[in-house]
**Student:** 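Have a look at this one before I ask anything.
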Amino acid sequence: MKVGDLVELSSYAKKLKRNASLVNKVGIVAEILNPSSIHEIFDIYWIGEELQPVFDRSELKHYRRKG
């Protein structure tokens with residue numbers, strides 16, 4: 001993933017209680033934290049939400065337009 005990509009929660013992340021308000025939301029990758037590490041961490045700006053939590057790659061997937 002790169003900065004500017006549209007993302008949504010993965011099925012794994014949708015099961016976590018802390019992400020309940022972000023289910024079916026679209027986000028934009030704002031920053032990649034620790035890019036030289038094996039596990040990159042992403043700062044996401046969620047459209048319509050004020051929260052900007054930090055996510056691991058396993059919690060995100062590229063957004064696919066539906067319908």
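Source: prediction; values computed, not measured.
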**Student:** Looking at Asp5 and His62, what are the two nearest heavy atoms and their distance?
**Tutor:**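 So the minimum-distance heavy-atom pair works out to OD2-CE1, 3.3 Å.
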
**Student:** Would you confirm whether Ser10, through its side chain, and Lys61, through its main-chain N or O, come within 3.5 Å as a donor-acceptor pair?
**Tutor:**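 No, the answer is negative, given that no donor and acceptor are paired below the 3.5 Å cut-off.
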
**Student:** Taking the side chain as every heavy atom from C-beta outward, state whether Ile28 and Leu6 have any pair of such atoms under 4.5 Å apart.
**Tutor:**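 Side chain of Ile28 against side chain of Leu6, heavy atoms only: contact under 4.5 Å found.
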
**Student:** Is it the case that one hydrophobic cluster holds both Val26 and Met1, taking links as side-chain heavy atoms less than 4.5 Å apart, direct or via other members?
**Tutor:**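 Different hydrophobic clusters.
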
**Student:** Would you list the atom pairs, donor with acceptor, under 3.5 Å between side chains in residues 12-24 and any protein atom, with sequence neighbours excluded?
**Tutor:**
from, atom 1, to, atom 2, distance (Å)
Arg18, NH2, Glu59, OE1, 3.0
Arg18, NH2, Glu59, OE2, 2.7
Asn19, ND2, Ala13, O, 3.0

**Student:** Under the ring-ring contact (aromatic ring centres under 6.0 Å, His included) definition, can you give me all pairs with a residue in residues 23-50, not counting sequence neighbours?
**Tutor:**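 Applying ring-ring contact (aromatic ring centres under 6.0 Å, His included) to every pair that reaches into residues 23-50, excluding sequence neighbours, yields Trp46-Phe55.
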
**Student:** List for me each residue that meets side chain to side chain contact (heavy atoms under 4.5 Å, CB included) alongside Val3, sequence neighbours excluded, and say none if there are none.
**Tutor:**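 For Val3 the side chain to side chain contact (heavy atoms under 4.5 Å, CB included) partners, ignoring immediate neighbours, are Ile32.
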
**Student:** Hey, any chance Ile44 and Ile47 share a hydrophobic cluster, counting ILVMFWY side chains that come within less than 4.5 Å of each other, even indirectly?
**Tutor:**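 In one cluster with Ile44: Ile47, no.
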
